[in-house]
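Side chains are part of it too, since the values below use all heavy atoms of this structure and drop only hydrogens, waters and symmetry mates.
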Amino acid sequence: EVLNHQKIYKLLIMNSHGGNDFRPILREVGLKFPNMFLSYCNWFDSVPKEDFFDYSGDHADEMETSLLLYLTPDLVLPLSNAGQGIEKKIKIKGIQEGWAWTERKWSKATDDTGIGNPKNASREKGEKYFNTIVRKMAHLFIEVANTDLNDLYD
């Protein structure tokens, strides 16, 4: 409402948490402000993680640990203290297949709160991944900023 009042008609939310989904909120806001361009992105989905990291995961994994080693190394304990990040899979098939959802109970889903092995994390991998993500996000921000809302579709 405030953005619309200030004649700012574009909103791009940069999401940093895999559990968030802004689509329902943006659809509802869009009904009230149909002249606004409302969008969101998941920076962590913008480039393939496997191009940078050996092990996949989604919580305290190699990617997240590498980013922290680059950005805030004082927050990372020695990797020798880390667990393997083995995920205990939920027994409900629809949730396993990804078309149904429930919140994970971390104390039940993993023994060490990690999902993904951080052992190969490094500052160098974090720096390379971070810089790639920043470039990709910058291009998106610029593209959204420069797009004419009256000429949005081909």
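The existence of a salt bridge linking E127 and R123 is confirmed by a sub-4.0 Å separation between a basic side-chain nitrogen and an acidic carboxylate oxygen.
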TODO: Test T132 against V134 for side chain to side chain contact (heavy atoms under 4.5 Å, CB included), laying out the working first.
DONE: CA-CA 6 Å; T132 302; V134 167; over 6 Å; no
- [ ] Output, in order, the C-alpha distance, side-chain angles, deciding distance and verdict of side chain to side chain contact (heavy atoms under 4.5 Å, CB included) for H59 and W106.
- [x] CA-CA 10 Å; H59 193 267; W106 288 102; 3.3 Å; yes
Open item on the list: Could you go through M36 and L149, starting from their C-alpha distance and side-chain angles, then the distance that decides it, and tell me whether this counts as side chain to side chain contact (heavy atoms under 4.5 Å, CB included)?
Closed with: CA-CA 8 Å; M36 292 188 74; L149 294 182; over 6 Å; no
Open item on the list: Quick one, E87 with R104, criterion side chain to side chain contact (heavy atoms under 4.5 Å, CB included). Give me CA distance, side-chain angles, the key distance, then yes/no.
Closed with: CA-CA 11 Å; E87 179 180 15; R104 278 186 285 198; 3.4 Å; yes
- [ ] Could you please spell out the steps behind the salt bridge (Lys or Arg N to Asp or Glu O under 4.0 Å) verdict for E97 and K93?
- [x] CA-CA 6 Å; E97 293 174 351; K93 187 174 182 180; 3.7 Å; yes
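Listed by chain and number, the residues in a side-chain contact (heavy atoms from CB on, under 4.5 Å) with E28 amount to none (sequence neighbours excluded). Every residue two or more places apart in sequence or in another chain that forms a side-chain contact (heavy atoms from CB on, under 4.5 Å) with F141 is listed here: L12, M14, M137. N120 is linked by a side-chain contact (heavy atoms from CB on, under 4.5 Å) to D54, Y55, E62, K125, counting only residues two or more places apart in sequence or in another chain. Under the side-chain contact (heavy atoms from CB on, under 4.5 Å) criterion, Q96 pairs with I90, not counting sequence neighbours. Not a single salt bridge (charged side-chain N to carboxylate O under 4.0 Å, His left out) links K10 to another residue, sequence neighbours left out.
Between F37 and T147, the closest side-chain pair of non-hydrogen atoms is not below 4.5 Å. Taking the side chain as every heavy atom from C-beta outward, K49 and Y129 approach each other to under 4.5 Å. Side chains of L140 and I142 form no contact here, defined as non-hydrogen atoms less than 4.5 Å apart. Side-chain contact between I133 and S46 is present, with at least one heavy-atom pair separated by less than 4.5 Å. Taking 4.5 Å as the limit, every side-chain heavy atom of I86 sits out of range of all side-chain heavy atoms of T110.
The structure places OG1 of T72 at 9.0 Å from CG of L67, a figure rounded to the nearest 0.5 Å. To the nearest 0.5 Å, the span separating CZ on F53 from OG on S122 amounts to 8.0 Å. Rounding to the nearest 0.5 Å places CD1 of I115 at 10.5 Å from CD of E64. Note that CG of L68 is 9.5 Å distant from CG of D74, once rounded to the nearest 0.5 Å.
Between Y70 and F130, the angle of the ring planes lies from 30° to 60°, which puts this pair in the tilted group.
Side-chain rings of F33 and Y9 stay apart, their centers remaining 6.0 Å or farther from each other.
Heavy atoms only, all atoms of each residue included: D111 and K88 are closest at OD1-NZ, 2.8 Å. Here the closest heavy-atom approach between residue S66 and residue A121 is recorded as OG-CA, 3.2 Å. When all heavy atoms are compared, the tightest approach of P118 to T65 is CB-OG1, 3.4 Å.
A chain of hydrophobic side-chain contacts below 4.5 Å, direct or via other Ile, Leu, Val, Met, Phe, Trp or Tyr residues, connects L152 to L26. There is no path of hydrophobic side-chain contacts, each under 4.5 Å, that joins V2 to L38. Cluster membership for L77 and L71, using ILVMFWY side-chain heavy atoms within less than 4.5 angstrom, is not shared.
Heavy-atom neighbours of D148 CG from other residues, nucleotides or ligands within 6.0 Å: above the threshold of 12. Within a 6.0 Å radius of CD in E143, other residues, nucleotides and ligands contribute 12 heavy atoms or fewer.
If you check the side chains of Y40 and D21, you find a donor sitting under 3.5 Å from an acceptor. Inspection of the N117 and D61 side chains reveals no N or O donor paired with an N or O acceptor under 3.5 Å.
Summarising the hydrophobic clusters (Ile, Leu, Val, Met, Phe, Trp, Tyr; side-chain heavy atoms under 4.5 Å, direct or chained), the residues clustered with L31 are none.
Here the side chain of K119 pairs a donor or acceptor atom with the backbone of A82 at under 3.5 angstrom. N42 places no side-chain N or O within 3.5 Å of a backbone atom of F44 that could act as its donor or acceptor partner.
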